[in-house]
Amino acid sequence: MRDEAFYDEAELKDGPDGGKIAPSGAPVTWVEEPSYFFRLSAYGDALLALYESEPDLVAPSSRRNEIKSFVKGGLRDLSISRTSFSWGVPVPGDEKHVMYVWLDALVNYIAALGYPGMGEGSQFDRFWPANLHLVGKDIVRFHTVYWPAFLMAAGLDQPKRVFAHGWWTIEGQKISKSLGNAIAPSQLVETYGLDQTRYLLMAEVPFGNDGDFSHKSAIRRINADLANGIGNLAQRTLTLIQKNCAAAIPEPGAFTDQDKALLDVAHRLWERIESDLRLQSFHEVLRTIWGVVGASDVYIDTNAPWALKKTDVARMGTVLYVLAETLRTLAIVVQPFMPETMSRLLNQLAVPEDKRNFAFLGEEGTLTPGTVLPPPQGLFPRIVEAE
RNA sequence: GGCAGCGUAGCUCAGUGGUAGAGCAGGGGAAUCAUAAUCCCUUGGUCGGGUGUUCAAAUCACCCCGCUGCUACCA
């Protein structure tokens with residue numbers, strides 16, 4: 001029993017010695033045992049109706065299509081208990097059986113919350129239904145067919161959303177034992193840094209698709225987006241403040257239209273990323289945020305505060321204030337993606353710990369002129385490789 | 001085999017009827033506050049191939065080529 005799996009007779013092929021061979025190539029054994037079944041076959045129509053009424057339940061939509069066609073093809077009842085081993089949760093009233101395969105596993109989502117002993121104010125009350133099950137694409141069926149059917153049978157609410165993420169390839173190749181090309185996450189963290197790795201995984205691919213991780217594109221993104229992008233923007237802004245504003249947030253004068261335009265985009269970032277965030281379109285969220293980084297670079301260049309320090313110190317202060325305030329919103333909004341580095345950036349902007357959540361993204365959390373800032377420190381080192 | 005989807009600039013992709021787009025890479029210029037980072041301009045595509053519908057197609061229909069996913073009891 002090499003595979004520890006059930007195979008349908010139709011899947012089997014004839015082996016050389018007259019026996020049967022599983023798709024994996026392993027010889028199979030015929031095992032017979034009594035088992036309780038879940039009447040999955042009775043839930044096909046109800047499931048299809050659920051997918052219709054909750055179009056966002058199964059995501060990405062390519063997975064929803066697959067699941068729908070799977071269900072349309074007809075469902076078979078599901079064996080949910082075993083008698084051939086004893087580890088596991090005994091079936092109430094028939095202790096020879098233990099619950100096995102997916103029923104026991106999926107029920108953990110609610111058993112962990114105290115189900116069925118839930119009452120007023122219980123964990124179950126508080127956390128179920130789940131807002132999101134984030135699962136690998138290989139087990140999406142169990143979470144979008146079996147699990148909803150189980151919940152229907154128990155008369156419980158459905159989760160709000162089940163999102164199936166994809167796989168990574170490395171340098172264009174599948175990750176496999178035989179190729180020996182697996183990379184431990186800790187190795188990536190060591191090579192690129194923790195937040196850099198987080199960013200790469202979120203930005204490199206439309207979330208839900210498979211993605212390819214390559215050293216070349218990792219360096220390209222880290223240098224272009226992080227070191228040259230938000231890192232450099234922060235460094236040049238904070239250094240200018242440090243040297244020319246007595247290391248304190250400058251007092252802004254009247255805002256020009258250009259000032260207002262940038263501040264407005266920054267203060268309203270939330271509106272523009274909220275729906276993508278809720279749909280797990282993380283790469284889109286980052287793209288939108290990085291649009292503001294780009295706009296800030298254009299702003300600092302056209303206003304050239306380094307030139308203003310000789311001609312109009314007050315105006316220089318306003319420009320640097322606008323930039324610092326934009327950086328503040330960028331840091332807050334990027335926190336979920338790169339918490340450690342953004343925390344450092346917020347420290348450098350002297351933003352109080354209790355004013356770093358999304359509620360302070362808008363004008364409510366605006367920087368206070370006169371606040372003294374610590375000396376700036378680089379956020380993302382540029383990666384330079386020897387040829 | 002069946003069902004679904006994809007194939008657009010060197011690379012990654014956006015664009016679903018109305019004169020081909022973004023980021024990165026490449027080329028030229030500007031600036032010099034900043035991690036030699038930044039800004040501006042720019043080269044580059046018969047939108048997989050073919051036929052058709054339409055005043056008009058990357059965008060719709062059909063065919064072909066190539067690629068991918070799903071096709072049940074492994075958490």
Side-chain angles (χ1 to χ4, degrees), chain A residues 2-8 10-11 22-24 35 37-38 40-41 60-82 100-109 135-143 145-146 164 166-167 172 203-206 208-212 214 216-217 219-244 283-284 286-287 290-291 293-310 316 319-320 323 376-384:
Chain A
R2 183 152 50 126
D3 295 350
E4 292 286 347
F6 168 91
Y7 292 109
D8 192 277
E11 295 179 86
S24 64
S35 180
F37 278 75
F38 177 79
L40 189 62
S41 59
S61 56
S62 53
R63 298 292 165 204
R64 191 180 71 232
N65 290 342
E66 287 174 8
I67 291 299
K68 275 165 73 175
S69 78
F70 174 79
V71 173
K72 276 179 191 162
L75 295 172
R76 299 207 292 263
D77 291 339
L78 185 66
S79 160
I80 50 161
S81 80
R82 297 292 128 97
Y100 187 63
V101 173
W102 289 110
L103 177 65
D104 57 332
L106 290 162
V107 161
N108 276 315
Y109 286 125
V135 304
K137 66 179 184 181
D138 56 332
I139 53 174
V140 66
R141 185 171 63 232
F142 309 117
H143 283 78
V145 179
Y146 297 4
W167 300 149
E204 189 64 14
V205 71
N209 289 7
D210 285 353
D212 182 54
S214 76
K216 199 176 144 199
S217 72
I219 289 186
R220 186 173 58 68
R221 288 208 93 95
I222 287 173
N223 285 345
D225 299 354
L226 301 184
N228 302 352
I230 193 170
N232 183 239
L233 176 68
Q235 184 74 3
R236 64 202 304 210
T237 301
L238 293 171
T239 304
L240 284 164
I241 291 176
Q242 193 72 204
K243 288 183 183 166
N244 304 306
H283 64 296
E284 291 290 353
L286 290 170
R287 190 197 291 194
W290 254 254
V293 175
S296 302
D297 271 328
V298 171
Y299 175 88
I300 195 172
D301 255 71
T302 53
N303 287 284
W306 49 89
L308 288 170
K309 76 177 174 190
K310 297 173 201 151
M316 176 195 73
V319 168
L320 291 176
L323 285 163
Q377 292 177 337
L379 296 176
F380 301 104
R382 200 182 149 73
I383 298 181
V384 183

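Residue numbers begin at 1 in each chain, while the letters A, B, ... track the order of the sequences. The analysis underlying the following values was restricted to heavy atoms, covering all of them including side chains, and did not include hydrogens, waters or symmetry mates.
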Interatomic distance at P, A9(B) relative to A22(B), whole Å: 14 Å

Nearest-Å distance once atom C1' is located in both G29(B) and G66(B): 43 Å

Touch class at under 4.0 angstrom, heavy-atom based, for Arg63(A) against every strand present: sugar-phosphate

Proximal nucleotide (of A72(B), C73(B), C3(B)) relative to the Trp102(A) side chain: C73(B)

Sugar-phosphate, base or nothing in reach of Ile67(A), heavy atoms under 4.0 Å: nothing

Tyr299(A) vs U38(B): side-chain N/O to OP1/OP2 distance below 4.0 Å: no

N or O in side chain of Arg141(A) less than 4.0 angstrom from U71(B) OP1/OP2: yes

Length of the CG-P vector between Asn232(A) and U35(B), whole Å: 8 Å

By ring-ring contact (aromatic ring centres under 6.0 Å, His included) - contacts of Trp290(A) (at least two apart): Tyr199(A)

Touch class at under 4.0 angstrom, heavy-atom based, for Leu106(A) against every strand present: nothing

Close side-chain approach of Leu233(A) to Asp297(A), heavy-atom, < 4.5 Å: yes

Given A37(B), C70(B), A72(B), the nucleotide with the shortest approach to the side chain of Asn228(A): A37(B)

Nearest-nucleotide 5' precedence on RNA chain B, Leu379(A) against Ser62(A): Ser62(A)

Sugar-phosphate, base or nothing in reach of Gly136(A), heavy atoms under 4.0 Å: nothing

Listed partners of Val101(A) passing side-chain contact (heavy atoms from CB on, under 4.5 Å), at least two apart: Arg82(A)

Gap in Å between the two P atoms, one belonging to G48(B) and one to C13(B), rounded: 15 Å

Whole angstrom value for the distance that separates P of G23(B) from CG of Asp297(A): 13 Å

Separation of atom NE2 in His283(A) from atom C1' in A14(B), rounded to whole Å: 10 Å

Nucleotide opposite A56(B) in a Watson-Crick or G-U pair, distances under 3.5 Å: none

Pairwise P distance, A61(B) and G18(B) [rounded to whole Å]: 15 Å

d(OH, Tyr109(A); C1', A75(B)) in whole Å: 9 Å

A61(B) - base-pair partner by Watson-Crick or wobble geometry, distances under 3.5 Å: U51(B)

Whole angstrom value for the distance that separates P of A4(B) from CD of Glu66(A): 12 Å

Separation of atom NE2 in His143(A) from atom P in C70(B), rounded to whole Å: 17 Å

C1' spacing across the pair U12(B) / G7(B), given as an integer number of angstrom: 14 Å

5′-ward residue of the pair Gly294(A)/Glu284(A) relative to RNA chain B: Glu284(A)

Exercise: identify the closest heavy-atom pair between Met316(A) and Pro305(A): CG-O, 3.6 Å

Close side-chain approach of Ile300(A) and Trp306(A), heavy atoms under 4.5 Å: yes

Distance, C1' atom - from U32(B) to A25(B), rounded to whole angstrom: 24 Å

Sugar-phosphate only, base, or nothing, as touched by Ala105(A) at under 4.0 Å among non-hydrogen atoms: sugar-phosphate

Separation of the P atoms in C47(B) and G5(B), to the nearest angstrom: 23 Å

Nearest atoms (heavy-atom pairs only) where Ser35(A) meets Ser79(A): OG-OG, 2.7 Å

Partners passing ring-ring contact (aromatic ring centres under 6.0 Å, His included) against His283(A) (at least two apart in sequence or in another chain): none

Rounded P spacing from C11(B) to C73(B) in Å: 40 Å

Distance test, side-chain N/O of Arg382(A) to OP1/OP2 of A36(B), below 4.0 Å: no

Residues which pass side-chain contact (heavy atoms from CB on, under 4.5 Å) with Asn303(A), listed by chain and number, not counting sequence neighbours: Gln258(A), Tyr299(A), Arg315(A), Val319(A)

Per-nucleotide protein contact string for nucleotides 28-33 of chain B (B base, S sugar-phosphate only, - none; heavy atom under 4.0 Å): ----SB

Base paired to U68(B) (Watson-Crick or G-U; both N/O distances under 3.5 angstrom): A4(B)

Opposite nucleotide pairing with A30(B), Watson-Crick or G-U, both atom distances under 3.5 Å: U38(B)

Atom pair distance, as rounded to whole Å: CG in Leu40(A) and C1' in C73(B): 10 Å

Gap between atoms CG and P, on Asp225(A) and A22(B) respectively (whole Å): 17 Å

Pairing nucleotide - A14(B), Watson-Crick or G-U, each distance under 3.5 Å: none

Euclidean distance, His143(A) NE2 relative to Leu106(A) CG, rounded to 0.5 Å: 5.0 Å

Anything under 3.5 Å between a donor and an acceptor, one on a side chain of residues 65-75 of chain A, the other on a protein residue two or more places apart or in another chain? List them.
unit_1: Glu66(A); atom_1: OE1; unit_2: Arg63(A); atom_2: NH1; d: 3.1
unit_1: Lys68(A); atom_1: NZ; unit_2: Glu52(A); atom_2: OE2; d: 3.2
unit_1: Ser69(A); atom_1: OG; unit_2: Glu66(A); atom_2: O; d: 3.1

